[in-house]
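Sequence lines set the chain letters: A, B, ... in the order given, protein chains first and strands last, and positions in each chain run from 1.
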2 protein chains.
Amino acid sequence: MTQRKVISFETIRVACKNCTLSQLCLPMGMSPEDVDRLDSIVKRSRPLHRGDHLFRSGERFRSLYVVKTGSVKTYTPSEEGGEQVLGFHLPGEIIGLDAIDQDAHACSAKVLETSAICEVPFQRFEELAASIPSLQHSMYRLLSKEIGHDAEMLLLLGKKNAEERLAAFLVSMSQRLSKRGLSPTDFYLSMSRHEIGNYLGLAVETVSRLFTRFQDEGLVKVDRKHVEILNLPTIENLAGAAPAAGSRKHSN
Amino acid sequence: MTQRKVISFETIRVACKNCTLSQLCLPMGMSPEDVDRLDSIVKRSRPLHRGDHLFRSGERFRSLYVVKTGSVKTYTPSEEGGEQVLGFHLPGEIIGLDAIDQDAHACSAKVLETSAICEVPFQRFEELAASIPSLQHSMYRLLSKEIGHDAEMLLLLGKKNAEERLAAFLVSMSQRLSKRGLSPTDFYLSMSRHEIGNYLGLAVETVSRLFTRFQDEGLVKVDRKHVEILNLPTIENLAGAAPAAGSRKHSN
DNA sequence: AACCCAGGTTGACATGCATCAAGGCCGATT
DNA sequence: AATCGGCCTTGATGCATGTCAACCTGGGTT
């Protein structure tokens, strides 16, 4: 986002310790020497473009990926062209954790917009982690956090109605972007309505109608991919567990 | 299940290396000495009973739990008594991985039937793992596997209809039980229809109707909690991604 | 500038499943 | 053995959301 005019190779290959994401990425209390060691195994490639794949389902697992700028979606391609979107990944977020177990990727990762991605060869990382307890623990937490996040999605898909799902989606985007120092109320969605619907278990048409409704209710202002959140508290309420009063739905 | 007539304390406190679950639990290639070290940190309690809690949402995270016999459900209790069932845990399966990140349990774990549970104090385990690479790697895989499993559930809740969900549930039970050396086609469900419905994002009534339908179609024989699977291949087909031909549902 | 087209919106309709309601079954309690 | 209560089943009905279809819109191409 904030980039110098002259983009030299050096600028792109900014070290972990200078990365704006370091506080998200690096475990607290890692010594400067350890950071250098970690730094030395991280690969940084030239920017990837919309449609590029980080990896595809079935490929051998080699590396984890960290989004530096841009965004990535992960999805499981199915037989006849259909797919299930598993998640959207914003700067500071890690991709590929689910592949450790089988030593192969079970999902594909596609870049949604021009993005900078760090690649972390897992085997080297694992060796490094073995000698840095705080890194080790950090890795456990990362994996654990992913599990916790998935549990939230389970609740969303299992118990929430369309309105609550889209509200939760907007809140999630808002929170994650603001954590990155970006505006929590004004942002661009890099994914299509189609992909949002797929992710939330809704039809495209439903997503579209809900955006319209939210706008009519003065909760947001939407223009194509540009979203301005006008009334975040109300949206947070909608997203929250509480189903509309009088509904017995899923109180089972 | 297969238990000696005289259940002495010694019998219950069977060491990891003699545990029938050891091949599920222990990473391949751990030396006997390392197994002993692991063994020494595992606590084994007297059997727990239906309704007992391993832990409750909000409690400080201290230990992981492994089901030896019986079954456990995890769930997130919500405001007004409602809950979302996150999973059912059978022998050999681990509980509590999601709590590492926040150092606190975000869900509760309740025993569904008389069960034997191993408790693994996490801090000690982490120290131990740091010095045993294969254990370390095994732990990563465990966490990763959990993430992969959650992704499957996401797909189930996001894209499958009621029939596919119940079929997938039956297939999952069948596979997991058979991996424990139990019958893949004849078993007892320790959870209620209510809990199954909650887990699958369906109303109790729908679950009940589907069991009836499956039985009418000759796929299963159901008597209360006792399930006999008569036509596993067909059920596997139902569970599989493929939605009924002609349906555009969720091909988005 | 005219065209094209993918993505998005909107309307009309269909349906799967939740909801509501009533009754049945079985184990527990006395 | 009679009573009770929890769990399960079955039937009737309604609604949220998927589906189908038509149109709109803006950006890219020639």
Side-chain angles (χ1 to χ4, degrees), chain A residues 50-51 73 81-82 84-85 112-113 156-167 169 188-216 220-227 238 243-252, chain B residues 50-51 73 81-82 84-85 112-113 156-167 169 188-216 220-227 238 243-252:
Chain A
R50 176 172 180 77
K73 82 162 174 182
Q84 162 74 34
V85 174
L112 289 172
E113 62 188 314
L156 182 147
L157 291 174
K159 298 274 178 296
K160 295 189 178 177
N161 64 25
E163 182 182 73
E164 292 163 343
R165 292 183 198 191
L166 189 63
F169 172 74
Y188 283 81
L189 298 173
S190 57
M191 69 295 291
S192 68
R193 301 285 192 269
H194 193 91
E195 289 165 324
I196 295 172
N198 186 307
Y199 175 60
L200 297 176
L202 299 172
V204 198
E205 296 92 329
T206 304
V207 174
S208 182
R209 274 185 255 270
L210 283 169
F211 270 126
T212 304
R213 173 137 64 94
F214 282 178
Q215 186 161 48
D216 292 347
V220 296
K221 187 167 177 309
V222 183
D223 176 38
R224 305 223 128 223
K225 304 211 173 284
H226 183 204
V227 175
L238 288 181
S247 164
R248 195 188 74 120
K249 188 182 188 191
H250 275 134
S251 64
N252 31 351
Chain B
R50 176 171 182 78
K73 81 163 175 183
Q84 162 74 33
V85 173
L112 290 171
E113 61 190 313
L156 182 147
L157 291 174
K159 298 273 180 296
K160 295 188 178 177
N161 63 27
E163 181 182 73
E164 292 163 344
R165 292 183 197 190
L166 188 64
F169 172 73
Y188 283 81
L189 298 173
S190 57
M191 70 295 291
S192 69
R193 300 285 192 269
H194 193 90
E195 289 165 324
I196 295 173
N198 186 308
Y199 175 60
L200 296 176
L202 300 172
V204 199
E205 294 93 327
T206 302
V207 174
S208 181
R209 275 186 255 270
L210 283 170
F211 269 125
T212 305
R213 173 137 64 93
F214 283 177
Q215 185 162 50
D216 291 348
V220 296
K221 187 168 177 311
V222 183
D223 177 37
R224 304 227 129 222
K225 306 215 172 278
H226 183 203
V227 175
L238 286 181
S247 164
R248 194 187 74 121
K249 188 182 186 191
H250 275 131
S251 64
N252 32 352

Kindly give the atom pairs (protein nitrogen or oxygen, nucleotide nitrogen or oxygen) under 3.5 Å for nucleotides 23-29 of chain D.
none

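A straight line from CD1 of A/I196 to P of C/dT9 spans 9 Å, rounded to a whole angstrom. Taking atom CG of residue A/L157 and atom C1' of nucleotide D/dT17, one finds them 15 Å apart after rounding to whole Å. Distance, A/E163 CD to D/dT17 P: 9 Å, rounded to whole Å. Regarding A/L200, its CG atom lies at a distance of 15 Å from the C1' atom of D/dG18, rounded to whole Å. Taking atom NZ of A/K160 as the reference point, atom C1' of D/dA16 lies 18 Å away to the nearest angstrom. Distance A/Q215 CD to C/dG8 C1': 13 Å, rounded to the nearest Å. D/dC7 atom P lies 17 Å from atom CG of B/D223, rounded to whole Å. In this entry the distance linking CG of A/D216 with C1' of C/dT10 reads 12 Å, nearest Å.
Under the ring-ring contact (aromatic ring centres under 6.0 Å, His included) criterion, A/Y199 pairs with A/F88, not counting sequence neighbours. Partners of B/E163 by salt bridge (charged side-chain N to carboxylate O under 4.0 Å, His left out), not counting sequence neighbours, listed by chain and number: B/R213.
Residue B/T212 has its side chain nearest to D/dT10 when only D/dC8, D/dT10, D/dT17 are considered. For B/A162, counting side-chain heavy atoms from C-beta on, the closest listed nucleotide (D/dT17, C/dC17, C/dT9) is C/dC17.
Looking only at side-chain heavy atoms (C-beta outward), A/M191 and A/K73 stay at 4.5 Å or farther from each other. Between A/R224 and A/L189, every side-chain heavy-atom pair lies at or beyond the 4.5 Å cut-off.
Among the atoms of the strands shown, base atoms are found under 4.0 Å from some heavy atom of B/S208.
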For B/V227 and B/F214: C-alpha separation, side-chain torsions, deciding distance, then whether side-chain contact (heavy atoms from CB on, under 4.5 Å) applies. CA-CA 11 Å; B/V227 175; B/F214 283 177; over 6 Å; no

With side-chain contact (heavy atoms from CB on, under 4.5 Å) as the test, would you mind laying out the steps for B/I196 and B/L166 before giving the verdict? CA-CA 9 Å; B/I196 295 173; B/L166 188 64; 4.2 Å; yes

Please determine whether side-chain contact (heavy atoms from CB on, under 4.5 Å) holds for the pair B/K159 and A/N198, giving the CA-CA distance in whole Å, both sets of side-chain angles, and the decisive distance to 0.1 Å. CA-CA 8 Å; B/K159 298 273 180 296; A/N198 186 307; 3.1 Å; yes

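Taking 4.0 angstrom as the limit, A/K225 places none of its side-chain polar atoms (N or O) nearer than this to OP1 or OP2 of C/dG7.
A/E205 contributes a side-chain N or O that forms a donor-acceptor pair with the base of D/dC20 under 3.5 Å. Side-chain atoms of B/R209 and base atoms of D/dG11 include a donor and an acceptor less than 3.5 Å apart.
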